[in-house]
*Asks:* 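I'd like to ask you about the structure that follows.
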Amino acid sequence: MRTHLCGELREAHVGSAVRLCGWVARRREHGEHLAFVDLRDHSGLVQCVVPGTVEARSEYVVAVTGVVRARPEGTANADLATGAVEVGDCTVEVLAEADPPPFAVDDRVDVDEAVRLRHRYVDLRRPRLQANLRLRAAVVRALRNAMDRQGFCEVETPLLWAPTPEGAREFVVPSRLHHGSSYVLPQSPQLAKQLLMVAGVDRYYQVARCLRDEDLRADRQFEFTQLDVEASFVGQEDVLGFVSEAVLDAAEVATGERPGAIPRLTWAEAMDRYGTDKPDLRFGMELVDLTRTFAGTSVKAFAAPTVKGLVVDGGATVPRSRLDALTERARALGAKGLAWFRVGEEGMLDSPLDRFLAEDERRGLLEVTAAAPGDLVLVVADEHRVACTVLGQLRLEVGGRPVHEGPYRYVWVVDFPLFDGLDDAGNPLAAHHPFTMPHPDDLHLLEDDPLAVRSQAYDLVLNGWELGSGSVRIHRGDIQSRVFTALGISDEEATARFGFLLGAFRAGAPPHAGFAVGVDRLVAIFAGEESIREVIAFPKTQSGADLMTGAPSPVAPAVLTELGLALQQVPPASAGGSTATGGDR
RNA sequence: GGACCUGUGGUGCAGUUUGGAGUGCACGCCGGCCUGUCAAGCCGGAGGUCGCGGGUUCAAAUCCCGUCAGGUCCGCCA
């Protein structure tokens, strides 16, 4: 039906008779003897010259027949990849008419995202999204190639799965054959891939769709794609190697440049220096520890387990109103307050707190922070975790940049804590999941000081975005029992919640470890996009709606009947008034 | 569950602060003219429940209340 693609024509094609197919991007008529048609397909645009008038209007689907020729002197278009040539003496055959598009099929016009999503098939015609889709395909191909090369086997796992009682809220699929029962869509293939290890698959990967019924964000959709990885007879080092290889390959394909080896930080270091477990290494502004400086302080505001500081270069000119706003922000983030010091000449400090500082404290503050005249020092004194995370957030808000701006700075964050916080009953909560292997050096602390136990869990971070996480799994029953005990999970409860996995492990579980890379986020960063919606063909809105299909939509009564379901009428929330129908209050 | 921003012909905006006739701009659309344009140009034209509902007022795009939709974020996402 066609001989060439629009975007590929160059001077080398001059003289070729061609037939092109595509959409009319623009039409410029100059009377009855001359018209130009810019023809577009996925590869690009080319100008076609018609010796007459043209029936086809914008977005009509046409086939154009003509001969490639060099453009006349002075009419080349440097803005077009094909701008040195044109297709001359064209005849245009209309393959399909089209309504005028709801918005211009052109990257240069900004259109409300709701309008774009309602007409996604038109939006996707635009070069930017075409490029994003193809970049995504190239990245996924690179990831697959890297895993294949490293001896991994891609295995598909079920979408209709059983509930896992931890983690994200799951999508429920009612069963037609078993009324009152349902499947759930997997929040990840986590359990399936561990079963594949028991099954002797040895090295598994999958470009897997994951589904989580949690609130959406710029970097979160209900359904998203992971490069899911698991391998047997390997440890943390091996996994970091496998995943690095795949991600660096993808980076090379996407950016044309292969990044160097990915550096590492321990979780504790990341918290200490950046106040987050997903540090953005593109800029400095590291947190400094002032705990010792103010160890014996008489300043009440600094009497806390940890005192942390953040230096804003040249920040002394920041107006008071902005400092008040930052203080307000620090409080909103959980700090008791925020102290600030404008650094002047010769160590003078401009701050409401300055007159309360001892001389050695003033000197220590300047020495430890290495703040220079003209800088601003922000200080939070609080519990260690609070002081770090609050300043870490302020660091991003003061010095941060869009995630996709170069350079790309990858980092492995390792040695995550095994537990994170306590539940209502006072039991530690699993930081990753309950099958995460404790750090071998900390096993002895499991019973007496569980919150101090590190785990063999690790994250991959790029420019402050979490790209993925993984862990070495527990394959030994004795260690698993100790972890369950630490979590306050009884044998009976463990059997009830994870029975089939624990049963499978008794069939002979190899030591194994794994990881999962968030493909949408990775591609979005490579594509220079701030939202993963721009690299997903048919994304949903923040409220989970598909504006094109109208999903979710009401279920027909006959369908409900077949599934054995009945809709419950939920009475509207009343403001203190009593409702006629009884409730369980 | 909560905070904030946005909603005006098909698209993007201005108008809202300080109420006074749907007023305006650009693009697109329709018709006409035009033999080298390229986001063509020139002339003419059509196209609007100002998201929706209620209230205040002689009068509401504009003020108030509610609600819906889209976005950003908090909670949530082991």
Side-chain angles (χ1 to χ4, degrees), chain A residues 25-40 45-53 57-59 69 71-80 82-83 86 88 99-119 122-123 164-170 187-188 190-191 210-222 224 329 332-334 393 396-397 416-421 423 428-436 455 457 466 469-471 487 489 497-498 516 518 530-531 533 539-545 547 572-573 575:
Chain A
R26 264 177 296 278
R27 178 183 62 157
R28 295 178 291 278
E29 285 197 301
H30 291 248
E32 54 182 320
H33 300 294
L34 176 68
F36 299 95
V37 171
D38 288 345
L39 188 65
R40 179 189 63 242
L45 270 183
V46 68
Q47 172 169 282
C48 303
V49 187
V50 180
T53 57
R57 295 169 182 258
S58 284
E59 301 307 318
R69 66 192 187 199
R71 291 211 188 179
E73 189 73 29
T75 64
N77 184 348
D79 296 333
L80 227 49
T82 60
E86 63 189 14
D99 293 338
F103 50 88
V105 183
D106 187 323
D107 288 339
R108 286 169 294 201
V109 298
D110 271 332
V111 183
D112 185 84
E113 192 165 354
V115 177
R116 295 174 54 201
L117 290 176
R118 203 166 296 128
H119 307 275
V122 174
D123 195 25
T164 40
E166 301 240 331
R169 189 180 298 115
E170 294 162 320
Q187 46 184 291
S188 82
Q190 180 62 40
L191 298 182
C210 305
L211 300 111
R212 298 181 185 171
D213 190 2
E214 297 288 351
D215 287 2
L216 280 45
R217 290 281 193 283
D219 61 350
R220 279 161 34 187
Q221 284 272 302
F222 281 154
F224 60 99
R329 181 68 182 135
L333 291 166
Q393 186 59 38
L396 287 178
E397 292 177 14
F416 270 67
L418 187 62
F419 305 110
D420 188 18
D423 67 13
L429 290 158
H432 189 60
H433 60 59
F435 313 110
T436 304
S455 68
E466 181 190 324
S469 62
S471 64
L487 286 166
I489 298 175
R497 286 162 68 173
F498 312 109
E530 304 219 32
S531 163
R533 292 189 299 274
K540 293 181 177 50
T541 67
Q542 190 160 48
S543 69
L547 298 182

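The sequence lines fix the lettering, A, B, ..., with proteins before strands; numbering per chain opens at 1. All values below were derived from every heavy atom in this structure, side-chain atoms included, with hydrogens, water molecules and symmetry-related copies excluded. Just so you know, these numbers come straight off a predicted model, no measurement behind them.
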*Asks:* Checking only heavy atoms, does the side chain of Asp215(A) share a donor-acceptor pair with the base of C76(B) at less than 3.5 Å?
*Replies:* no

*Asks:* Starting at CG of Leu333(A) and ending at C1' of C73(B), how long is that distance when rounded to a whole Å?
*Replies:* 11 Å

*Asks:* Taking atom P of A39(B) as reference, at what distance in whole Å does atom CG of Asp79(A) sit?
*Replies:* 7 Å

*Asks:* Whom does G66(B) pair with, Watson-Crick or G-U wobble, provided both distances fall under 3.5 Å?
*Replies:* C52(B)

*Asks:* With a 4.0 Å cut-off on heavy atoms, is Ala545(A) in touch with a base, just the backbone sugar-phosphate, or nothing at all?
*Replies:* sugar-phosphate

*Asks:* According to a strict under-4.0 Å criterion, is Ser58(A) in side-chain N/O contact with OP1 or OP2 of C29(B)?
*Replies:* yes

*Asks:* Does Thr541(A) place a side-chain N or O at less than 4.0 Å from the phosphate oxygens OP1/OP2 of G70(B)?
*Replies:* yes

*Asks:* Between C34(B) atom P and His33(A) atom NE2, what is the distance in whole Å?
*Replies:* 8 Å

*Asks:* So, the side chain of Gln542(A) versus the backbone of Leu216(A): is there a donor-acceptor pair under 3.5 Å, distance only?
*Replies:* yes

*Asks:* Could you tell me whether the side chain of Arg71(A) has a donor or acceptor atom within less than 3.5 Å of a complementary atom in the base of C38(B)?
*Replies:* yes

*Asks:* Quick one: does Gln47(A) reach the base of U37(B) with a side-chain donor-acceptor pair under 3.5 Å?
*Replies:* yes

*Asks:* What nucleic acid atoms does Pro72(A) come within less than 4.0 Å of, heavy atoms only: base, sugar-phosphate, or nothing?
*Replies:* base

*Asks:* Using atom P of each nucleotide, how far apart are G10(B) and A46(B) to the nearest Å?
*Replies:* 16 Å

*Asks:* Looking at C77(B), which nucleotide sits across from it as a Watson-Crick or G-U wobble partner, both distances under 3.5 angstrom, or is there none?
*Replies:* none

*Asks:* I'd like to check, for His30(A), whether its ring lies over the base of G36(B) with centroids under 5.5 Å apart and a plane angle smaller than 30°.
*Replies:* no

*Asks:* For the C1' atoms, the ones on A61(B) and on G7(B), what distance do you get once it is rounded to whole angstrom?
*Replies:* 11 Å

*Asks:* Paired with U35(B): which nucleotide, if any, by Watson-Crick or G-U wobble criteria at under 3.5 Å for both distances?
*Replies:* none

*Asks:* What distance do Phe36(A) atom CZ and His30(A) atom NE2 have between them, rounded to the nearest 0.5 Å?
*Replies:* 5.0 Å

*Asks:* Within the 4.0 Å heavy-atom criterion, would you say Ala430(A) contacts the bases, only the backbone, or no part of the nucleic acid?
*Replies:* sugar-phosphate

*Asks:* Can you tell me the base-pairing partner of C13(B)? Count Watson-Crick or G-U wobble geometry only, both distances below 3.5 Å, and say none if there is no partner.
*Replies:* G24(B)

*Asks:* Check whether more than 12 heavy atoms from other residues, nucleotides or ligands sit under 6.0 Å from atom CD of Glu397(A), and answer yes or no.
*Replies:* yes

*Asks:* Determine the contact category for Glu113(A): base if any of its heavy atoms lies under 4.0 Å from a base atom, sugar-phosphate if only primed atoms, P, OP1 or OP2 are that close, otherwise nothing.
*Replies:* sugar-phosphate

*Asks:* G24(B) and G48(B): how far apart are their C1' atoms, nearest whole angstrom?
*Replies:* 14 Å

*Asks:* Report the nucleotide, chosen from G36(B), G70(B), C77(B), that has the shortest atom-to-atom distance to any side-chain atom of Glu214(A).
*Replies:* C77(B)

*Asks:* Distance between the P atoms of C13(B) and G2(B), in whole angstroms?
*Replies:* 28 Å

*Asks:* Nearest to the side chain of Ser531(A), which nucleotide is it out of U11(B), C76(B), U72(B)?
*Replies:* U72(B)

*Asks:* Is any side-chain heavy atom of Glu214(A) closer than 4.5 Å to one of Gln187(A)?
*Replies:* no

*Asks:* Treating Glu170(A) as the side-chain partner and Thr164(A) as the backbone partner, does any N or O pair qualify as donor plus acceptor under 3.5 Å?
*Replies:* yes

*Asks:* Just compare C74(B), C77(B), G70(B) and give me whichever is closest to any side-chain atom of Arg212(A).
*Replies:* C77(B)

*Asks:* What is the distance, to the nearest angstrom, from the CG atom on Asp99(A) to the P atom on C30(B)?
*Replies:* 11 Å

*Asks:* Just name whichever nucleotide pairs with A59(B), Watson-Crick or G-U, keeping both distances under 3.5 Å, else none.
*Replies:* none

*Asks:* What is the distance from CG of Leu34(A) to P of C38(B), rounded to the nearest Å?
*Replies:* 12 Å

*Asks:* Could you give me the CA-CA distance, side-chain angles and deciding distance for Phe435(A) and Leu191(A), then say whether side-chain contact (heavy atoms from CB on, under 4.5 Å) is met?
*Replies:* CA-CA 10 Å; Phe435(A) 313 110; Leu191(A) 298 182; 4.0 Å; yes

*Asks:* Contact class for Ala35(A) (heavy atom, under 4.0 Å): base, sugar-phosphate, or nothing?
*Replies:* nothing

*Asks:* Roughly how far apart, to the nearest Å, are A14(B) and U8(B) at atom P?
*Replies:* 10 Å

*Asks:* Expressed as a whole number of Å, how far does the P atom of U6(B) sit from that of G45(B)?
*Replies:* 36 Å

*Asks:* Looking at every strand, decide which applies to Glu170(A) at a 4.0 Å heavy-atom threshold: base, sugar-phosphate, or nothing.
*Replies:* nothing

*Asks:* Quickly work out the Asp123(A) CG to G10(B) P distance and round it to whole Å.
*Replies:* 19 Å

*Asks:* Check whether the aromatic ring of Phe36(A) stacks on the base of U37(B), taking stacking as ring centres less than 5.5 Å apart and planes within 30° of each other.
*Replies:* yes

*Asks:* Just the rounded figure in Å: distance from P of C34(B) to CZ of Arg27(A).
*Replies:* 15 Å

*Asks:* Is a side-chain N or O of Thr82(A) found less than 3.5 angstrom from the main chain of Leu45(A), in a donor-acceptor match?
*Replies:* yes

*Asks:* State whether the distance check finds a donor on one side and an acceptor on the other, under 3.5 Å, for side chain Asp112(A) versus base G7(B).
*Replies:* no

*Asks:* Given that both distances must come in under 3.5 Å, which nucleotide forms a Watson-Crick or G-U wobble pair with G45(B)?
*Replies:* C29(B)

*Asks:* May I ask you to say what Arg169(A) touches in the nucleic acid, namely base, sugar-phosphate or nothing, with a heavy-atom cut-off under 4.0 Å?
*Replies:* nothing

*Asks:* What interatomic distance, in whole Å, is found between P of G15(B) and the corresponding atom of U62(B)?
*Replies:* 15 Å

*Asks:* Ignoring backbone atoms, establish whether Ser543(A) has a side-chain N or O less than 4.0 Å from OP1 or OP2 of A69(B).
*Replies:* no

*Asks:* Would you kindly compare Arg118(A) and Phe103(A) by the position of their nearest RNA chain B nucleotide and give the one closer to the 5′ end?
*Replies:* Phe103(A)

*Asks:* Below 3.5 Å, does any donor atom in the side chain of Glu530(A) face an acceptor in the base of G71(B), or the other way round?
*Replies:* no

*Asks:* Can you confirm whether Asp38(A) sits close enough to Arg28(A) that some side-chain heavy atom of one is under 4.5 Å from a side-chain heavy atom of the other?
*Replies:* yes

*Asks:* In whole Å, what is the span from the CG atom of Asp213(A) to the P atom of G75(B)?
*Replies:* 18 Å

*Asks:* Taking N and O atoms by type only, does the side chain of Arg69(A) place a donor or acceptor under 3.5 Å from a partner on the base of G36(B)?
*Replies:* yes

*Asks:* Say whether, by atom type as modelled, one donor and one acceptor occur between the side chain of Arg57(A) and the main chain of Pro100(A) under 3.5 angstrom.
*Replies:* no

*Asks:* Answer yes or no: is there a donor N or O on one side and an acceptor on the other, between the side chain of Glu29(A) and the main chain of Thr53(A), under 3.5 Å?
*Replies:* no

*Asks:* Students often get this wrong, so: under 4.0 angstrom with heavy atoms, is Thr436(A) touching a base, only sugar-phosphate, or nothing?
*Replies:* nothing

*Asks:* Look at the side chain of Arg26(A) against the base of G28(B) and say whether a donor-acceptor pair falls under 3.5 Å; ignore hydrogens and angles.
*Replies:* no

*Asks:* Determine whether a donor-acceptor pair (one donor, one acceptor, N or O, separation below 3.5 Å) exists between the side chain of Arg220(A) and the base of C76(B).
*Replies:* yes

*Asks:* Using the C1' atoms only, state how far A60(B) lies from C77(B), rounded to an integer number of Å.
*Replies:* 44 Å

*Asks:* For Asp38(A) and for Arg533(A), find the nucleotide of RNA chain B with the closest heavy atom, then tell me which residue's nucleotide is more 5'.
*Replies:* Asp38(A)

*Asks:* Between Arg108(A) and C27(B), does any side-chain N or O lie under 4.0 Å from OP1 or OP2?
*Replies:* no

*Asks:* Please classify the nucleic acid contact of Leu429(A) as base, sugar-phosphate, or nothing, using heavy-atom distances under 4.0 Å.
*Replies:* nothing

*Asks:* Within the structure, does a side-chain N or O atom of Arg28(A) lie under 4.0 Å from either OP1 or OP2 of U37(B)?
*Replies:* no

